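What follows is a set of notes on a single structure, which appears directly below.
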Amino acid sequence: MSNIAKTYEPQQFEKTIYKDWETSGNFHTTAEAKGEPYCIVIPPPNVTGQLHMGHALDETLQDILIRWHRMKGDNTLWMPGTDHAGIATQAKVEESLRAEGTNRYELGRKKFLERVWQWKEKFGNRITYQLRTLGSSCDWDRQRFTMDEGCSAAVRKVFVQLYNEGLIYRGTRITNWCPKCNTALSDIEVEHENEKGHLWHLRYPFADGSGYIEVATTRPETMLGDTGVAVHPDDERYKNLVGKMLILPLVNREIPLFADDYVDKEFGTGAVKVTPAHDPNDFEMGMRHNLPQIKVITNEGKMTEGLGKYSGLDRYECRKQIVADLEAAGVLVGIEEHEHAVGHCSRCHTTVEPLISKQWFVKMESLAAPAIDAVKTGKLKFVPERFTKIYINWLENIRDWCISRQLWWGHQIPAWYCDDCGKMIVSETDVEECPHCHGKNLHRDEDVLDTWFSSALWPFSTLGYPEDTPELKKFYPTNVLVTGYDIIFFWVARMVMMGLKFRGEVPFKHVFIHGLVRDDQGRKMSKSLNNGVDPVEVIEKYGADSLRFMLVTGNTPGNDLRFYWSRVESARNFANKIWNASRFLLMNLENADKNFRPTHDDLELSDRWIMTRLRKVGVNVSKSLERFELGEAARYLYEFIWFEFCDYYIELTKSRLYGDDIRAKSTALFVLSSVLECALRLLHPFMPFLTEVIRRQLPNVEGSIMLADYPTGEEFGDLLTAEDDNVEEMTDVILNTVKCIRNLKSEVGIDSRKKVAVVLKVLRNEYSDVLNEYKNYISELAVVEPITFAEEKPAHAISGVVEGVEIYLPLDGVIDMDKEIARLTKELEKVRKGASVTAGKLKNERFIGKAPAEVVEGERVKLAAAEEKISTLEQRIAQLSAL
RNA sequence: GGGGUUGUAGCUCAGAUGGUUAGAGUGCCUCGUUGACAUCGAGGAGGUCACAGAUUCGAGUUCUGUCAGCCCCACCA
């Protein structure tokens, strides 16, 4: 082992280790395997995407949970797959067609889809290969795709059933339309942003010549499609005018003035121009008052035919022209600055145009109710809990979901229209003959489904639905969904609704929500800012374990986290620390008896201490993991390994390892080796590669760490007994003494490596044995020699006091007595201050009466210790002053 | 217009169910090349836990309000 590299070089082993894991088949499981089922379905990354920090975080969290459960012995399945990502993928392919000087319409639907599939084949697996570099232990044998045969069958079955139950319907409605993507959008695909605009005040004259009414609008170009003007029924200003006709300027169409409750008397002039074809509210009012719908803007965002000089103009060009013309006509009577929310396409950020078109919708109310209930009754829990409110609030105000998209890439809607009798047939299988008139002239609905429709089925479609597979029986409902808060509406809520509807159970019991990974200035990582950090680059430089550890530490569930290279480095340093601690052990193990097993009597205090500490850490790690506090769990391990195992325990084994007592040496090596091995198992879910590569080299271990038992806190069997319950207290006395000596040396400027004499006065009898027996710990860690125990206090010495022990460093001639007195006085003041607070508490009858007994007892102990310290310091100050 | 969230050391952040002297990483200062590790070790400076009230024997932690930042939702033209 002497050839083990001096520093941690993850590049040397991560790829090989992953290959070993994958070929071993240990990522794979079956419904028949033993153990409690534990299943996570991956949030499928887009097929054309590549790994970004958000994925890295999401995958890391999932892999930690998965590896932990696998080690616990659960039948653990991590179901991987990718999403076809309708609009996003289609846009990419269209972009490449544009580069070739053509477009999808020239190519035709069939050829175009061939191109997209080619694209998918080419880039589809890139991201899953990148996931492997992170260490993700997915069951790759089961990899799925939202448009594969099974998922497509699930989509058709669900669609047809919902249609037959009347929960899917087709209707002519006003919907959000993106003129650039050329498709309808659902409400949540529209992002509202406040924009500065104008409020134009226009005068519409009455047809009878009796004056005019003033309306206000933010979108003057839509006036071409006005078919009425509305006022509030109770508005005294207009009450007597309702029913009169107006002349629409520029167009000279007669339109009615009518009353509707929707109108807000306070806003603008209290009179609204009504354009049913281009505004959702106007559409509703139009329906209520039988107003005609006049479409003046096309799907491409241009003015329609038949509008004279305005036809063919872009909507914003037309706005300028209309405003100019209205002004010229004397209709425009004022312009106000006005800030208002404008909808944008979440994909391309084009301003959305509300348009009337025929679309497919899912009726949400009856689907949402059970999904709300599932959370309220605790069948589904959000971590952190606050997201339940967001989820419920959305579902309680849900509106019907527009699921049809005017795209080609996606699940084509399984509806056919008979050209002979005009009827519609919705069917799971292709329709060639009309069941109504037996006509054979059918054409299929051209639209495809919203990508999220198939994503909504993901937890059960990947497990085999619509087939009734053993996997579906065994692993559904799955245990946890790990995802970002940004897709709770898009995805989580819809999966819950569909899962409840089609499986009768929630798709997962917990939703573990994480935040976004931001750049070092707290900005979202984005292409336009070019501030993204490529996780693949981080892995190449520092290793996947470092990236994983960085992503999981110092972060709390649901909160965003910032990416800092310095934090990656710090994680890498931790890995290096483990690497070198292991290297130290392996070097010492070379010529040793690797099969030696000590008895309880062979163990020293430090051995029993480190084993006791490890047990407690193991318990804390598991507790934290159960609460989804992965960062806390990682922190426990970091602190244990670095500060307790490396900084203290390893140092304390050195005298035995370099000494002549073979049995003592073997004992130390045994404890070093077993504690390290156990710590590696605890750490494995977080840093899988490093822990595997090191554990393989340890003696008496077999098999991959990924299948080893996860520590339970009951390790080391009979090597620890009930008598060892006080090892922590006993060790603390020694370590506190060490710290105090180091401190004193540093304060008077003695080189920390220089040996000096120390005199200890033990204040409590129960500590004298341990201090006597293990005084070598003090001399080794604090670099002091000789250590003598004495009752008298050396006069020319600097001193300190810890619980139970007075410490003197006799330093003739080196000490400035006045300085020493000042130092001790300062210390005394500090302790007195603390003691008075504690004493105050204990004098308070209400504290004694109401606080729990153990808290009161704790305060008493604290006060006693403080008083011991005070008296020691006082005596010492008096002694020095008398000199 | 609703709702959420954040405000703790110079910087980035941890601090379940209220109970020691409020922690870590990083940065800074002083020392240190004996065989695990300078990707390190020892020591140190640095915080009235945004502000104001309330509850409580006791509040960084619970409640109310204020201020500041961020985010989400929302069909007032």
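Proteins get letters first, then strands, A, B, ... in listed order; numbering begins at 1 in each. Values in this document were obtained by computation on a predicted structure and should not be read as measured data.
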Distance, [atom1] atom - from [M] to [N], rounded to whole angstrom:
| N | M | atom1 | answer |
| --- | --- | --- | --- |
| B:rA16 | B:rU62 | P | 9 Å |
| B:rG18 | B:rG58 | P | 15 Å |
| B:rA54 | B:rA59 | C1' | 11 Å |
| B:rA77 | B:rU64 | P | 32 Å |
| B:rA38 | B:rU5 | C1' | 42 Å |
| B:rG27 | B:rC71 | C1' | 30 Å |
| B:rC11 | B:rC67 | C1' | 23 Å |
| B:rC72 | B:rG19 | C1' | 37 Å |

- request: Write down the atom of A:Pro384, the atom of A:Ile513, and the distance for their closest heavy-atom approach.
  value: CD-O, 3.9 Å

Side chain of [X]: nearest nucleotide among [options]?
| X | options | value |
| --- | --- | --- |
| A:Ser752 | B:rG41, B:rA77, B:rC57 | B:rG41 |
| A:Asp751 | B:rC57, B:rA77, B:rG32 | B:rG32 |
| A:Lys6 | B:rC57, B:rC37, B:rG35 | B:rC37 |
| A:Lys389 | B:rA74, B:rG4, B:rC37 | B:rG4 |
| A:Phe643 | B:rG25, B:rA77, B:rA36 | B:rG25 |
| A:Tyr262 | B:rG43, B:rA77, B:rC57 | B:rA77 |
| A:Tyr564 | B:rU20, B:rU12, B:rG25 | B:rU12 |
| A:His340 | B:rA77, B:rG19, B:rC57 | B:rA77 |
| A:Phe489 | B:rG19, B:rA14, B:rC73 | B:rC73 |
| A:Arg583 | B:rA36, B:rC76, B:rG43 | B:rA36 |

What contact category does [X] fall into here, base, sugar-phosphate, or nothing, at under 4.0 angstrom with non-hydrogen atoms?
| X | value |
| --- | --- |
| A:Arg742 | sugar-phosphate |
| A:Val274 | nothing |
| A:Asp282 | nothing |
| A:Asp264 | base |
| A:Glu857 | nothing |
| A:Pro852 | base |

Can you tell me the distance, in whole Å, between the [atom1] atom of [X] and the [atom2] atom of [N]?
| X | N | atom1 | atom2 | value |
| --- | --- | --- | --- | --- |
| A:Tyr485 | B:rU6 | OH | C1' | 11 Å |
| A:Leu516 | B:rC72 | CG | C1' | 12 Å |
| A:Arg823 | B:rG44 | CZ | C1' | 14 Å |
| A:Ile392 | B:rC72 | CD1 | P | 21 Å |
| A:Ile870 | B:rU21 | CD1 | P | 13 Å |

Are [X] and [Y] close enough for a salt bridge, meaning some N to O gap below 4.0 Å?
| X | Y | result |
| --- | --- | --- |
| A:Lys755 | A:Glu785 | yes |
| A:Glu859 | A:Lys862 | yes |
| A:Lys196 | A:Glu337 | no |

query: In terms of ring plane angle, is the pair A:Phe643 and A:Tyr638 parallel, tilted or perpendicular, where the classes change at 30° and 60°?
result: perpendicular

Within 45° of the axis and under 6.0 Å from the centre of the six-membered ring of [Y], does NZ or CZ of [X] qualify?
| X | Y | result |
| --- | --- | --- |
| A:Arg173 | A:Phe283 | no |
| A:Arg219 | A:Trp200 | no |
| A:Lys6 | A:Trp579 | no |

- line: Taken in chain and number order and not counting sequence neighbours, the residues that satisfy side-chain hydrogen bond (donor to acceptor under 3.5 Å, both in side chains) with A:Asn743 are none

- request: Please evaluate the base of B:rC75 for a donor-acceptor partner in the side chain of A:Asn281 within a cut-off of under 3.5 Å?
  value: yes

field: 5' precedence on RNA chain B between A:Leu561 and A:Cys646 (nearest-nucleotide basis)
entry: A:Leu561

message: Judged by each residue's nearest nucleotide on RNA chain B, which is more toward the 5′ side, A:Glu569 or A:Asn580?
response: A:Asn580

Given [N], is OP1 or OP2 found less than 4.0 Å from the side-chain N or O atoms of [X]?
| X | N | answer |
| --- | --- | --- |
| A:Ser566 | B:rG27 | no |
| A:Asn559 | B:rC13 | no |
| A:Arg846 | B:rU56 | no |
| A:Trp565 | B:rU39 | no |
| A:Lys862 | B:rU21 | yes |
| A:Arg635 | B:rC13 | no |

message: Checking A:Lys265 against A:Asp235 for the salt bridge (Lys or Arg N to Asp or Glu O under 4.0 Å) test, could you report, in this order, the C-alpha distance in whole Å, the side-chain angles of both residues, the deciding distance, and whether it holds?
response: CA-CA 7 Å; A:Lys265 287 187 283 188; A:Asp235 195 326; over 6 Å; no

Verdict with supporting geometry, A:Arg562 and A:Asp519, salt bridge (Lys or Arg N to Asp or Glu O under 4.0 Å): CA-CA 5 Å; A:Arg562 294 194 192 188; A:Asp519 75 357; over 6 Å; no

Of residues 571-578 of chain A, the positions that come close to RNA chain B - non-hydrogen atoms, cut-off under 4.0 Å: A:Arg572, A:Asn573, A:Asn576, A:Lys577

query: In dot-bracket notation, what is the pairing pattern of RNA chain B, taking Watson-Crick (N1-N3 plus N6-O4 or O6-N4) and G-U wobble (N1-O2 and O6-N3) contacts under 3.5 Å, with [ ] crossing and | for other strands?
result: (((((((..((((.....[...)))).(((((.......))))).....(((((..]....))))))))))))....

field: Pair A:Phe267 and A:His338, ring centroids less than 6.0 Å apart
entry: yes

query: Under the rule syn = chi within 90° of 0, otherwise anti, which is B:rA50?
result: anti

task: For salt bridge (Lys or Arg N to Asp or Glu O under 4.0 Å), just list the numbers for A:Lys869 and A:Glu827, CA-CA rounded to whole Å, side-chain angles, deciding distance to a tenth of an Å, and then say yes or no.
output: CA-CA 10 Å; A:Lys869 212 166 177 179; A:Glu827 170 84 7; 3.8 Å; yes

